[in-house]
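Quick caveat: nothing in here was measured; it's all calculated off a predicted structure. Throughout, a chain's letter reflects where its sequence line sits, starting with A, and its residues are numbered from 1.
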Amino acid sequence: MAKEYDPKNIEGKWPARHRYAQALAGGQKEVDEYNPQKIEKRWQDHWEKSGIYQAEDDSKKPKYYALVEFPYPSGDGLHVGHVRSYTAMDIVSRKRRMEGFNVLYPIGWDAFGLPTENYAIKTGRQPREITKENTDTFRQQLKSLGLSFDWSREINTTDPKYYKWTQWIFLKFLEKGLAYKAKIPINWCPKDKIGLANEEVVDGHCERCGTPVEQKEKEQWMLAITKYADRLYDDLDTVDYPNRVKIQQKNWIGRSEGVLIKFDDIEIFTTRPDTIFGATFVVIAGKEDKFTGRFVTNPATKEKIPVWEAEYVMSDYGTGAIMGVPADDERDMVFAKKYDLPIVGEYKKAGFEDFGRKVTKYKLRDWVFSRQRYWGEPIPVIHCGKCGVVPVPEKDLPVELPKVEKYEPGPDGESPLANIPEFVNTPCLRCGGPARRETDVMPNWAGSSWYFLRYCDHENEKEFASMQNLKYWMQVDWYNGGMEHTVLHLLYSRFWNKFLYDLKLVSTSEPYKKRTSHGLILAEGGEKMSKSKGNVVNPDTIVKQFGADTLRLYEMFMGPFEQAIAWSEDALVGPRRFLERVWKLSGKTKELFTPYAMICQDVFEKTVEKVSDDIEKMAFNTAISQLMICSNALAKEDFIPTNDFKRFLQLLAPFAPHITEELWQLMGGKDSIHNSKWPKANWVSNPMFIDISVQINGKYRGVIMVKNIATEEEVKNTALSLPEIQKWLNGKEPKKVIVVPRKIISIVT
RNA sequence: GCCGGGAUGGCGGAAUUGGUAGACGCACACGACUCAAAAUCGUGCGGAGUAAUCCAUGAGAGUUCAAUUCUCUCUCCCGGCACCA
């Protein structure tokens with residue numbers, strides 16, 4: 001349709017670079033047209049060269065550690081969802097720098113994982129090469145957005161210098177008995193040929209490919225996260241996370257207090273031991289419902305009650321056996337009715353521990369930590385027939401991933417590493433006899449479980465990070481990420497951090513002081529963006545057509561940050577037009593010898609206040625709206641004092657760093673605007689006269705202007721004397737008058 | 001089933017220690033500029049009515065001088081957990 005806004009038209013106009021005169025009263029200046037393509041790259045290069053976003057490990061300034069989830073560098077490139085999260089924390093980071101903090105806002109690559117490996121198998125290429133290509137693309141894309149990352153601290157989980165320490169931490173788990181091998185039924189995805197953690201199974205299907213998950217008995221490395229269940233649960237009270245995140249983690253850990261009670265040789269678990277006098281049968285976990293033919297004694301009533309097997313009792317929770325109290329439990333009732341078991345309606349209440357001892361049970365299971373795949377950190381142990389499991393000594397770390405020709409896992413799910421004799425066969429490091437290297441690798445959650453620590457000291461070759469740096473930088477002050485990581489990455493990394501804290505290797509028990517979550521960006525129409533549907537928006541296209549500042553502004557303006565929202569190509573022009581108006585406003589500035597705003601006083605001071613507050617609340621949409629209100633007000637003026645305009649630019653700078661830097665420099669700014677001091681409201685507006693609205697019977701009928709210091713009586717008299725109010729009173733005396741100081745007067749007739 | 005979050009113009013959304021509902025933006029309409037179009041600027045924009053005014057925040061009740069905001073009941077939508085004893 002011809003009517004539709006076509007960004008290509010704008011783009012096509014740039015090369016003309018014509019000038020237009022501003023016919024404005026009070027001062028005419030010629031202003032170049034706003035051209036993001038021209039200025040954005042230039043400032044990005046300049047910032048990089050001058051290193052203004054690099055954090056210092058030693059500084060007199062207070063520190064601030066802002067963190068976003070480092071991306072998995074997939075072949076699809078950067079997603080507009082990344083842009084939303086990264087821009088938000090970029091705004092916070094930039095504001096903090098302007099407030100005088102020494103800010104650490106780092107980035108890196110969480111690059112191990114299945115998609116790269118599968119792509120390597122398909123194309124017959126090396127995962128390393130593919131990862132290199134993808135990170136190069138991502139890096140270039142992120143840089144084009146003007147994010148204030150400290151690129152000097154870039155990390156990559158697939159770098160041997162990095163995973164050396166992932167392996168090292170694993171060995172600590174092993175040393176402390178928290179890593180162990182167990183033959184367990186695991187969730188097995190037959191398509192990906194990989195074992196899955198409970199957290200990776202969604203409704204019985206593989207989280208990645210959707211294939212129904214099978215159960216398979218396998219020897220697996222486990223991490224004993226359940227040992228930390230209580231602390232992971234209780235310490236949630238010490239951190240600032242959204243409530244829904246805390247609830248989800250608590251549900252996942254699934255702690256419940258109950259008692260173990262023996263019905264003869266069958267031990268049951270219950271959280272309601274008080275109902276034991278109503279227990280008329282015992283049920284143990286089984287594949288089908290059937291009577292076992294056995295009877296046991298109810299320790300409370302001393303009666304013989306039948307023992308049944310049933311599907312509805314789970315083998316892996318509690319003791320795998322329950323007492324059936326049909327009067328109190330709905331499921332027991334259904335079962336009792338179906339099989340005609342006795343139901344006792346009235347019974348005595350028992351005390352909590354009268355018949356058993358108190359225990360705490362969890363839904364949380366130990367973490368299945370090995371994968372029979374290639375593209376992951378090798379688990380650094382050796383199996384010796386004589387010595388058993390021998391950890392690889394620290395001096396031999398990292399155990400590097402060998403280059404191989406084929407990455408396909410074996411038909412029964414052996415790791416591809418098992419096919420490489422040079423890798424597998426190795427002398428035992430203890431006895432020197434023949435031994436086999438472990439061929440399993442770690443899950444893709446390993447590297448991300450501690451990456452926030454490495455940023456603090458990313459080049460350290462002696463430790464994963466020095467205590468000195470950790471003490472300075474940790475905790476992470478503000479961590480933003482996706483809701484989908486609530487029970488995976490977020491729980492795992494809290495666990496690793498606590499473990500390292502117990503070894504006195506990190507300085508804080510909780511890694512993240514504050515956590516927030518961004519909402520998903522959906523495709524136009526509200527569906528999820530996906531390659532197969534062809535509805536994915538590429539940030540590069542938007543940057544090219546509208547500029548990075550517009551994209552950033554749009555993503556922050558589109559709706560409440562924590563809410564899912566659909567992309568709208570049409571709406572992009574709003575922020576773009578706003579920036580163009582700001583650009584033009586610079587032509588109206590006038591050097592005045594006044595220290596503060598002479599015009600639009602109220603709007604100006606309100607903007608300083610609201611933008612400052614809203615950024616803290618992540619209410620970016622209303623902050624931008626206020627900036628628009630302010631620029632609209634400035635546009636109505638004949639001229640703008642330069643100092644005021646500069647303050648306006650400072651408020652806009654965290655959102656749109658390029659255009660503000662350009663205009664700041666044009667106004668004669670010496671240093672970068674991003675090193676300038678965040679504006680403060682000059683004064684709290686305290687006018688002589690204020691407006692008070694008048695309501696009659698709850699309906700708005702007019703407004704009066706009174707002295708700020710007017711008494712209730714004065715307000716009342718002023719209101720009642722107004723002719724338009726008298727009209728509504730119709731000569732009657734009001735029954736009641738309510739005066740809310742400085743706000744409203746309500747008259748009841 | 002249980003837990004959590006929602007429902008406001010054509011659209012995204014503002015406004016909560018209860019105090020003029022619809023800020024800001026998009027779309028749309030009209031006007032200015034232009035040979036014309038685009039862009040830009042100006043004006044309008046919840047519904048009804050010439051107007052005064054009335055009605056309107058998912059539905060219904062309640063508390064209050066005053067309810068999008070608080071309480072109760074219901075409907076629908078989204079997210080999480082799901083025989084967890």
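Taking the C1' atoms as reference points, U16(B) lies 24 Å from C11(B), given to the whole Å. Rounded to whole Å, the separation between the P atoms of G62(B) and U57(B) comes to 16 Å. The gap from the P atom of U63(B) to that of A14(B) amounts to 31 Å, rounded to the nearest Å. To the nearest whole angstrom, the two C1' atoms, one in A67(B) and one in A61(B), are 14 Å apart. The gap from the P atom of U17(B) to that of G6(B) amounts to 16 Å, rounded to the nearest Å. Remark: the separation of the C1' atoms in G42(B) and G22(B) is 23 Å, to the nearest Å. When the C1' atom is compared between C70(B) and G19(B), the two are found 14 Å apart, to the nearest whole Å. For the P atoms, the distance from C2(B) to U73(B) is 13 Å, rounded to whole Å.
For Lys736(A), the side-chain atoms get nearest to C65(B) when compared with the rest of C65(B), C54(B), C83(B).
Lys250(A) forms a cation-pi arrangement with Tyr233(A), by the criterion of a distance under 6.0 Å to the ring centre and an angle within 45° of the ring axis.
Consecutive Watson-Crick or G-U pairs involving RNA chain B, each under 3.5 Å on both distances, make up stems of three or more pairs at B:1-7 with B:75-81, B:10-12 with B:24-26, B:28-32 with B:40-44, B:46-48 with B:53-55, B:58-62 with B:70-74.
For C83(B), neither phosphate oxygen OP1 nor OP2 lies less than 4.0 angstrom from any side-chain nitrogen or oxygen of Lys363(A). Put simply, Thr486(A) has no side-chain N or O that comes within less than 4.0 Å of OP1 or OP2 on G80(B).
Within the 4.0 angstrom heavy-atom criterion, no nucleotide atom of any strand lies near Arg255(A). When heavy atoms are screened at a 4.0 angstrom cut-off, Val313(A) is found touching base atoms of the nucleic acid.
Few gaps surround CD on Glu257(A); more than 12 heavy atoms of other groups in view lie less than 6.0 Å from it. Atom NZ of Lys246(A) has more than 12 heavy atoms from other residues, nucleotides or ligands within 6.0 Å. Enclosure of atom NZ in Lys361(A) by more than 12 non-hydrogen atoms of other residues, nucleotides or ligands within 6.0 angstrom is indicated.
The distance from atom CZ of Arg244(A) to atom P of G79(B) is 12 Å, rounded to the nearest whole Å. Separating the NE2 atom of His485(A) from the C1' atom of G79(B) is a distance of 16 Å, rounded to the nearest angstrom. Summarising the geometry, the separation between CZ on Arg701(A) and C1' on A52(B) is reported as 11 Å, rounded to the nearest angstrom. As rounded to whole Å, 15 Å separates atom C1' of C81(B) from atom CZ of Arg365(A).
Using a 4.5 Å heavy-atom cutoff, the side chains of Asn535(A) and Glu527(A) are in contact.
Annotation: ring-ring contact (aromatic ring centres under 6.0 Å, His included) contacts of Tyr228(A) (sequence neighbours excluded): Phe495(A).
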Apply side-chain contact (heavy atoms from CB on, under 4.5 Å) to the pair Phe355(A) and Thr270(A), showing each step before the final yes or no. CA-CA 11 Å; Phe355(A) 299 96; Thr270(A) 179; over 6 Å; no
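Each of Ala571(A) and Val748(A) was assigned the nucleotide of RNA chain B with the nearest heavy atom; the assignment lying further toward the 5' end belongs to Ala571(A). Of the two residues near RNA chain B, Met483(A) and Met323(A), the one whose nearest nucleotide lies more 5' is Met483(A).
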Using a cut-off of 4.0 Å between protein heavy atoms and nucleotide atoms, how would you tag nucleotides 12-24 of chain B 5' to 3' with B, S and -? BSS----BB--BB
